[in-house]
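A short write-up of the structure that comes next.
First the proteins, then the strands, lettered A, B, ... as listed; each starts at 1.
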Amino acid sequence: MASNVQTGEKPITIREALSAALREEMLRDERVFLMGEEIGVWGGTYAVTRGFYDEFGPKRVRDTPISEMVIAGAAVGAAMAGLRPVAELMTINFAFVAFDAIVNHMAKVRYMFNGQFKVPMVIRTTTGGGKQLGATHSHSPEAVFAHFPGLYVAVPGTAYDAKGMLKAAIRDDNPVMFVEHSTMLQRRSAVPDDPDFVLPIGKSDIKREGRDVTIVTYSKGLEWSLAAADILAKDGIEAEIVDLRWLRPLDMETVFQSFKKTNRCVVVEESLPMFSVGSEVAAQLQDKMFDYMDAPVKRVNALDQPLPYASEIEMMALPDANKVVAAVKEVL
Amino acid sequence: MAGLNKTTLLDWYRQMVLIRRFEEKCAELYQQGKIGGFLHLYIGQEATGVGSVAALRPQDHAITAYRDHGLALARGLDPKAIMAEMLGKRTGVSGGKGGSMHLASRELNFWGGYGIVGGHLPLAAGIALKAKYNEEDEVVLCYMGDGATNIGYFHESLNLSAVWDLPVIWLVENNGYGMGTAVDRASGQVELHKRAVGYGMKDGGRVDGMDVIAVYEAISDAARYASKNGPVLMESMTYRFQGHSMGDPERYRSKEEVQRYAAGDPIGKFRQTLVEKYKDVAGELDKIEDAVVATVAEAVEYAENSPAPTYEDLVAHVYAD
Ligand SMILES: Cc1ncc(C[n+]2csc(CCOP(=O)(O)OP(=O)(O)O)c2C)c(N)n1
Ligand SMILES: [Mg+2]
């Protein structure tokens with residue numbers, strides 16, 4: 001076996017969790033195959049599929065030309081026809097090139113032909129800034145994809161979630177945008193090695209319990225929020241952290257339950273502020289939870305502008321734990 | 001015409017006349033406001049549609065753009081259910097949710113009409129990949145307009161099909177225009193089939209798209225090639241007698257040009273061929289035409305009497321359960 005993955009009791013990285021999920025699903029179901037740029041011979045831009053080409057061969061680990069439109073679109077056709085493609089877009093920055101295939105066909109062929117087709121496919125891609133890659137390579141636009149009914153959008157923030165959610169995405173009959181954070185792949189947590197460990201689609205998770213404020217977040221935002229909660233705890237402030245895990249379906253029920261207890265909310269995400277997850281959560285809270293509101297909903301986002309190269313100013317533009325702490329203090 | 005018997009040829013004639021009468025009726029219903037949205041007629045291109053679909057086996061696949069009524073009829077979708085779709089009824093092929101541009105039948109391997117120019121080309125590659133992956137002997141016939149050859153999807157899809165040796169026939173229905181833009185105003189290489197060279201795939205050449213038998217033979221050859229060796233790019237030279245869609249003022253072409261092509265009407269030409277080949281066939285052809293008129297009338301009646309979709313239909317099938 002060429003796979004470099006070992007799951008078990010000891011904590012594994014998000015990269016290993018993703019790799020294990022892919023490998024287990026490929027072993028379980030012949031119809032599951034991978035396609036994308038540099039996933040095979042190279043071993044994956046982020047090494048998630050290292051060893052797969054040797055283990056599964058070129059039929060099931062399909063290197064593609066640099067052709068995002070046809071990567072997404074051919075996956076749609078293959079899925080409609082009965083295969084279960086897991087396509088990879090090297091980073092979410094290149095998903096814009098495939099936007100039409102994703103929005104018009106991946107999301108809509110089922111509906112517009114009245115349910116004649118299923119589209120059991122996953123597009124895996126990486127998101128996030130903070131790597132000095134400049135304006136074109138530092139986007140976090142996952143909320144853009146969550147705009148469209150017909151798609152599911154997964155945004156895991158731990159190895160445990162990454163594995164269980166990716167397996168769920170591959171097994172589901174609906175198309176999923178599976179968005180991994182490129183700077184979190186080395187983060188570790190304990191992950192079950194049961195090959196049937198699958199997490200439910202569209203279910204958020206309370207990552208920390210608290211009574212004073214609800215922090216709603218996902219992906220990299222989880223890290224900033226957990227760090228902020230530790231800082232706040234020193235001042236006796238107990239933050240409850242709701243990790244959305246999925247932007248669509250969006251599990252607002254868990255947010256509402258938490259909010260009924262805390263009456264205060266801060267939304268933390270790496271994406272731009274306008275038309276963001278924060279905008280949506282705030283809108284739903286004022287609509288459904290008005291009577292429980294003790295303070296305005298605050299949003300912690302990237303600065304509303306492109307990201308630069310120089311590290312000092314790139315980090316100024318991105319959220320961090322201190323910004324989360326400051327926002328929480330504003331709503332208390 | 002080797003191997004083509006009279007029954008087959010008369011059936012093709014029936015299909016071509018059916019497409020013509022069906023669409024003339026659609027134009028009428030559009031004027032009356034009973035069909036909404038866009039309506040792109042196939043009139044003039046019937047020989048390309050009928051001849052090419054006739055070359056497919058049941059296990060083969062067809063996929064096209066929004067100018068899809070003719071191909072749907074040729075592939076055997078029920079005229080009643082197509083007309084019901086036109087009228088936005090829940091008995092339509094797409095439940096009244098697709099409309100004229102989005103006809104499909106999973107059962108008949110007719111993978112749909114698509115409204116985004118070129119958007120279905122990668123889907124065709126994916127369907128062909130399924131066949132190859134499962135080692136099934138199936139060919140995908142992917143239709144597109146001349147205009148679609150200039151969108152990025154064309155490049156990426158054709159290249160991938162060549163790299164992966166996918167069993168696809170890329171068939172350009174060259175009707176001279178993409179909306180109002182003539183081919184030589186949009187394409188550097190105006191012989192569109194020649195782009196095959198750039199992808200290292202077989203150049204299937206040009207066929208007279210107004211001659212149903214020639215189209216059948218050319219696509220049959222291409223299908224045999226594609227199922228064994230990989231993709232083919234070819235071009236069917238045709239012409240649309242009507243505007244791009246309903247309400248096109250047709251400022252980009254002259255009446256004389258349209259009349260010149262109309263003189264070579266594929267249905268009239270085919271009728272002539274049949275009359276020359278089979279003595280006394282004229283009466284049979286007339287009977288076919290009458291039967292087609294009745295079929296279209298039945299389709300309209302069925303569609304008009306069908307119920308509109310409901311709220312439950314509106315919200316169904318956004319996701320698979
Ligand atoms: C991506 C995209 N751009 C523009 C349009 C608008 N449009 C619809 S049909 C068409 C012309 C296409 O011409 P061609 O491919 O030759 O097909 P034909 O209509 O002649 O059958 C255009 C520009 C569209 N539907 N999709
Ligand atoms: Mg055209």
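Looking at Val93(B), only its backbone comes within 4.5 Å of chain A, counting heavy atoms on both sides. Residue Leu158(B): no heavy atom, backbone or side chain, is found under 4.5 Å from chain A. If you measure heavy-atom distances from Asn109(B) to chain A, you find no contacts under 4.5 Å at all. Val109(A) touches chain B through its side chain: at least one heavy atom from C-beta onward sits under 4.5 Å away, while N, CA, C and O do not. Contact annotation for Asn104(A): only side-chain heavy atoms (C-beta onward) come within less than 4.5 Å of a heavy atom of chain B. Heavy atoms of Ala316(B) lying under 4.5 Å from chain A belong exclusively to its backbone. Proximity to chain A is absent for every atom of Ile63(B), based on heavy atoms less than 4.5 angstrom apart. For Ile127(B), the parts lying under 4.5 angstrom from a heavy atom of chain A are both the backbone and the side chain. For Phe117(A), the part sitting under 4.5 Å from any heavy atom of chain B is the side chain, from C-beta outward, and nothing else. Within the 4.5 angstrom heavy-atom criterion, atoms from both the backbone and the side chain of Ala101(A) approach chain B.
Between the side chains of Ser100(B) and His69(B), at least one donor-acceptor pair of N or O atoms lies under 3.5 Å. For Glu173(B) and Tyr42(B), the side-chain atoms include at least one donor-acceptor pair closer than 3.5 Å. Looking at Ser52(B) and Tyr143(B), their side chains do bring a donor and an acceptor atom within 3.5 Å of each other. Between the side chains of Ser187(B) and Asp146(B), not a single donor N or O lies within less than 3.5 Å of an accepting N or O.
Tyr114(B) has its ring centre less than 6.0 Å from the ring centre of His105(A).
Looking at Gln59(B), Arg57(B), Lys228(B) one by one, the single match for side-chain hydrogen bond (donor to acceptor under 3.5 Å, both in side chains) with Asp137(B) turns out to be Arg57(B).
Remark: Lys59(A) is positioned above the aromatic ring of Tyr133(B), its terminal NZ or CZ atom under 6.0 angstrom from the ring centre and at most 45 degrees off the axis.
Contacts with chain A were tallied for Ser105(B), Gly98(B), Gly99(B), Gly112(B); Ser105(B) has the most, counting heavy-atom pairs under 4.5 Å. The most heavy-atom pairs under 4.5 Å with chain A, out of Gly95(B), Ala104(B), Ala125(B), come from Ala104(B). Among Val119(A), Asp173(A), Asn174(A), the residue making the largest number of heavy-atom pairs under 4.5 Å with chain B is Asn174(A). With respect to chain B, the highest number of heavy-atom pairs below 4.5 Å among Gly150(A), Ala78(A), Pro175(A), Gly115(A) belongs to Gly150(A). Comparing Asp172(A), Leu151(A), Ile66(A) by heavy-atom pairs within less than 4.5 Å of chain B, the highest count is held by Leu151(A). Ranked by heavy-atom pairs under 4.5 Å with chain B, the first of Arg60(A), Arg62(A), Glu30(A) is Arg62(A).
The existence of a salt bridge linking Arg84(A) and Glu25(A) is excluded, since no basic side-chain nitrogen approaches an acidic carboxylate oxygen closer than 4.0 Å. Residues Asp29(A) and Arg31(A) are paired through a salt bridge, judged by an N-O separation under 4.0 Å between the basic side chain and the carboxylate.
Rounding to the nearest 0.5 Å places CD1 of Ile170(A) at 12.5 Å from CE of Met165(A).
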